[in-house]
Structures are given as structure tokens and as C-alpha cells.
2 protein chains.
Amino acid sequence: MQTALLTKASSSAIPLFSLEAPQFRKSGNTAVTAVGSIHSYAKDEEIFAEGDRSVYVYKVLSGFVRTSKLLSDGRRQIDAFHLSGDVFGIEADDEHRFCAEAVGDCVVIAHRRSNLSALMGNDTLLAQEMTMGMMRSLVRAQNHMLLLGRKSALEKIATFLLDMAERTAGKDALDLPMSRTDIADHLGLTIETVSRSFTQLERQGAIELPSARHVVLANKTALERLNA
Amino acid sequence: MQTALLTKASSSAIPLFSLEAPQFRKSGNTAVTAVGSIHSYAKDEEIFAEGDRSVYVYKVLSGFVRTSKLLSDGRRQIDAFHLSGDVFGIEADDEHRFCAEAVGDCVVIAHRRSNLSALMGNDTLLAQEMTMGMMRSLVRAQNHMLLLGRKSALEKIATFLLDMAERTAGKDALDLPMSRTDIADHLGLTIETVSRSFTQLERQGAIELPSARHVVLANKTALERLNA
DNA sequence: CGCTAATTTGATCAGACTCAAGTGAAGTGG
DNA sequence: CCACTTCACTTGAGTCTGATCAAATTAGCG
């Protein structure tokens with residue numbers, strides 16, 4: 001998963017959605033020239049709901065977004081967490097098939113997708129970005145199905161931690177922005193099992209838990225062995 | 001390895017306009033104008049393996065194809081069954097991330113994807129079809145993650161049967177082309193649990209099982225209630 | 001500092017798995 | 001055409017992982 005194209009597409013250095021460029025200057029390092037509109041959301045705020053008309057596609061500028069689906073009785077499956085640079089909200093239909101919420105405070109850029117031709121028939125940067133975003137989502141989904149269908153609780157947690165570490169810091173420590181409930185609903189577990197698995201990994205010396213949301217990957221080899 | 005593809009497949013690698021190709025089941029707009037080669041595969045024959053170079057994208061013309069991933073110890077997850085009209089084998093990278101095999105005898109059309117621009121930058125019908133295929137795969141994957149992560153064995157089977165019925169006959173009976181093992185590896189269960197769930201649904205009067213592979217959806221309402 | 005929410009831990013339960021045997025259908029060859 | 005083999009599926013018994021129910025602890029926060 002280290003194609004030049006993939007890397008290029010995921011690189012936040014490349015200005016996205018840059019068509020006419022009404023100079024929108026973000027403070028600090030990020031200077032975004034965008035035709036989309038920038039939106040901020042507070043923790044747990046809804047960006048769009050399941051069933052909403054699909055009007056925009058989004059890209060995370062900062063913070064974390066979760067997309068999820070619900071069963072009628074409230075059981076929830078978080079299909080993905082989206083980090084800075086990730087595209088989400090692409091739909092084939094004109095209706096969102098999952099909901100998107102801010103995990104913590106976050107900023108996203110929204111681009112109106114007037115119709116599908118924006119994705120399919122155009123050789124624009126936006127179309128390419130959306131296609132690449134979709135491909136990445138698909139790869140992620142396929143890996144996640146393997147996890148959900150065939151991995152044990154401990155393996156799920158190990159895989160999750162390694163993946164999060166790689167996507168964020170890339171170092172041997174990470175701050176989890178999401179709750180145990182979110183992790184459970186992402187991995188197809190309960191919060192109790194998530195908590196117990198963390199504890200077990202800590203006792204095995206694979207990780208350290210200075211606090212609940214801060215994880216040190218003390219023994220990556222052990223984690224990778226669990227990653228199967 | 002594309003050699004395997006060419007030698008093992010008892011194929012007439014005859015380039016055809018797909019208008020001349022065997023009947024498309026897909027309704028509506030599907031009319032491909034691209035050239036591809038037609039290949040036939042016998043039951044359980046490999047179309048491509050995990051790790052193979054990704055040279056073609058495929059579309060099922062007849063029969064069923066399964067795409068799956070493996071863990072190092074052999075645990076398998078079938079991420080999807082592909083029916084007539086379905087596109088599979090699209091990769092962001094130049095390497096296949098899952099393997100594809102014929103569930104029963106089947107015929108596919110292979111399109112060489114010399115590069116990604118065929119998918120991203122072109123306004124061709126093929127590009128559109130691939131994009132649509134990818135979108136459908138993503139929607140399927142998202143629904144399937146909900147199933148794998150949050151549904152009970154009985155619910156999984158009910159959902160699977162309703163989905164298969166809708167995708168094939170659309171009527172109240174269907175012939176399953178795949179084994180219990182395939183179903184188990186698709187739903188994240190064991191064959192024993194699959195079998196027991198079938199039996200239980202039969203006892204509840206939701207389905208009838210004239211034979212193991214032939215299912216009559218006797219009470220769709222009951223199944224849909226389980227579909228949550 | 002006290003209140004609330006999040007997380008951890010404990011005890012018990014249940015759904016799905018494992019191991020094992022039995023049944024049945026499809027071919028194969030005599 | 002019928003024994004014989006084989007493979008797929010079903011069924012049964014016991015086990016175990018992860019869920020549920022419940023309580024304790026910790027962390028945030030006004």
C-alpha cells in the first residue's frame with residue numbers, strides 16, 4: 001500500500017478541491033485554497049445522518065470523524081475513523097447510507113457534488129481525489145471485514161493499535177481520540193472486552209497505558225505477532 | 001501471475017466487443033464498449049491470487065466468483081460473492097490484495113488496466129463502469145461490516161439469504177452455488193453454525209430446504225424481521 | 001470539592017466454536 | 001445396476017470466548 005499514486009493522493013500537501021481558488025487562508029501551517037466550504041464541528045456533533053440527502057463530499061482537515069451504521073435496535077458499527085486528509089461521504093446514490101460524526105472537535109472541507117459526473121466523467125483533481133478516496137476506503141473495508149469476521153478480541157485490538165499508530169504519529173505512542181465505546185463499535189466488541197484486552201496487552205508487556213487514552217506500543221513485535 | 005491466468009484457464013482469449021458477449025444480467029445502462037478477453041474457469045479454479053500483480057479488472061459474465069483474504073494460519077474471510085454483471089479485481093495498487101476464485105464454472109471478461117488513468121481520468125464507459133462497480137463494492141462492504149460486527153448467527157444467515165435472493169432470482173427461492181464452508185467464511189461463522197442456523201430457520205418455518213443448496217424463502221417477513 | 005461520565009474489574013451466562021460421530025447424496029468402478 | 005468410496009452436510013456433546021449484569025474505581029469538569 002505504498003504506491004506513488006496512493007501516497008500522492010493521501011498527501012495533505014496537495015491542495016484539494018482547488019478549482020477556482022477563492023483564497024481561503026487557514027491560520028498556521030495549512031494554507032488551503034479551496035472551492036469548498038470549511039466547517040467546524042464540536043465533539044459528537046453530527047455532520048450528516050443516515051438517510052440524509054447526499055449533497056457534499058468531505059475531507060478531514062483536522063480532528064477525527066467516525067462514520068457508522070445502525071441496526072434498528074441500536075447496535076452500531078463504526079465502519080471507519082477518518083483522519084486528516086481522508087475523504088468521506090462519497091455515495092453512489094443521492095442518499096447517505098451511513099452517518100458521520102465528529103469524534104472530537106474537528107474541521108472538514110465540504111465540496112458540493114452536483115451530480116455523479118463529477119466523479120465519473122471528469123478528469124478533474126476532484127474526481128481523481130474522490131476516486132482515490134473511494135479506493136482507499138475499499139481497501140480499508142476489505143481489511144476490516146477480515147478483522148471483524150475472523151480475528152479474536154486480542155488480535156482486533158492489536159491490529160487496531162498498530163493501524164492507528166501508523167496512520168497518526170507513526171511512532172511508538174499514540175493518543176486515542178475516541179472512547180472505548182467507539183473502539184468497541186468499530187471492532188465488533190463490547191467496551192468491557194475492549195478494556196480487558198487493553199489490560200491484558202499491558203500485562204503481557206506489549207503496551208503501556210499511562211492513561212486510558214494514551215497508549216505506548218512497548219513491544220511492537222508482540223503486537224505484530226497478534227496481527228497475524 | 002498472468003501465466004496462470006492464460007494457461008490454466010481453458011479460455012478462448014478472443015477479444016470481443018462486450019456487446020457480442022454473453023447476455024448481461026444487469027439491468028439498465030450497462031452497455032460496455034471496451035474490448036476485453038473472455039476467460040472460462042472451472043469450479044474452484046483460481047482467477048488471481050493475493051499478491052499477484054494486478055493487470056486486469058474483471059467482470060462476471062456467468063457463474064459466481066468469490067474474492068477472499070487469508071490470515072497466516074489459514075483463517076479465511078470471503079469479502080464478496082460476485083454475480084453476473086459484477087465487477088471485481090479493482091486495485092489501487094499494482095498488487096491484488098485478495099484472491100479470486102470460481103465458485104462454480106464461470107465466465108469472466110478481463111480488461112487490461114495499463115494504468116489508473118483508465119479508471120480515473122477518462123470519460124469512457126469502462127471507467128464509469130469501474131467506478132460504479134467500486135461504489136457498489138463499497139456499499140456492500142459497509143453493509144457487510146455491520147453484519148460481521150454486530151449481527152447474530154441467525155441474523156447473518158437471514159440477511160445473506162435475502163440478499164442472495166434479491167441479487168439472483170428475486171423470487172422466493174434460490175439455488176446456492178456455494179458450499180457451507182464458503183457461506184461460513186463469508187459470514188464469519190463455522191460450517192456447523194451455518195448448518196444449525198439453516199435448520200433452525202427451517203424449523204421456524206422461515207425457509208424450506210428441499211436440498212442443501214436449494215432454499216425456499218417460505219416466510220420472507222420472518223426473515224426480514226431478523227434482518228433488523 | 002462534589003458530581004457525573006468513562007473506564008476498569010468481577011462474576012456469571014450464553015452463543016458460537018471445537019471435536020466427534022452420523023447421515024446422505026454424488027460419483028466411480030466392477 | 002449396484003456396492004463402494006468420497007465428500008458435503010447435519011447433528012450431538014462439551015468447551016470457551018466474549019457478552020451481560022453489576023459494582024468499584026478513576027477521570028473530568030463545573
**Prompt:** Contact class for S152(A) (heavy atom, under 4.0 Å): base, sugar-phosphate, or nothing?
**Reply:** sugar-phosphate
**Prompt:** Across the strands shown, which category fits S179(A) at heavy-atom distances under 4.0 angstrom: base, sugar-phosphate, nothing?
**Reply:** sugar-phosphate
**Message:** Quick one, M178(B) with I183(B), criterion side chain to side chain contact (heavy atoms under 4.5 Å, CB included). Give me CA distance, side-chain angles, the key distance, then yes/no.
**Reply:** CA-CA 7 Å; M178(B) 73 289 287; I183(B) 297 173; 3.6 Å; yes
OP1 or OP2 of [N] versus the side-chain N and O atoms of [X]: is any pair under 4.0 Å?
X       : N       : value
T190(A) : dG18(D) : no
T199(A) : dT9(C)  : yes
R213(A) : dA6(C)  : no
T193(A) : dA19(D) : yes
S195(B) : dC9(D)  : no

**Request:** Consider the side chain of E192(B), meaning its heavy atoms from C-beta on, and name the nucleotide among dT9(C), dA20(C), dA19(D) that approaches it most closely.
**Result:** dA20(C)
**Message:** Distance to the ring centre below 6.0 angstrom and angle to the axis at most 45 degrees; does that hold for R180(A) and F198(A)?
**Reply:** yes
**Request:** For V194(A) and for K43(B), find the nucleotide of DNA chain D with the closest heavy atom, then tell me which residue's nucleotide is more 5'.
**Result:** K43(B)
**Quiz item: R196(A) side-chain donor-acceptor pair to dT20(D) base, under 3.5 Å** = yes
[X] [atom1] - [N] [atom2] separation (whole Å):
X       : N       : atom1 : atom2 : value
L209(A) : dT26(D) : CG    : P     : 15 Å
D185(B) : dC9(D)  : CG    : P     : 12 Å
K151(A) : dG18(D) : NZ    : P     : 14 Å
L187(B) : dG15(C) : CG    : C1'   : 16 Å
I191(A) : dA24(D) : CD1   : C1'   : 14 Å
E155(A) : dG18(D) : CD    : C1'   : 14 Å
R180(A) : dT9(C)  : CZ    : C1'   : 13 Å
I157(B) : dT10(D) : CD1   : P     : 10 Å

**Prompt:** Tell me, do F81(B) and V65(B) make a side-chain contact under 4.5 Å, heavy atoms counted?
**Reply:** no
**Asked** Considering the options L201(A), L226(A), T193(A), which one meets the side-chain contact (heavy atoms from CB on, under 4.5 Å) requirement together with I157(A)?
**Response** L201(A)
**Asked** Would a line drawn from the ring center of F48(A) to the ring center of H96(A) be shorter than 6.0 Å?
**Response** yes
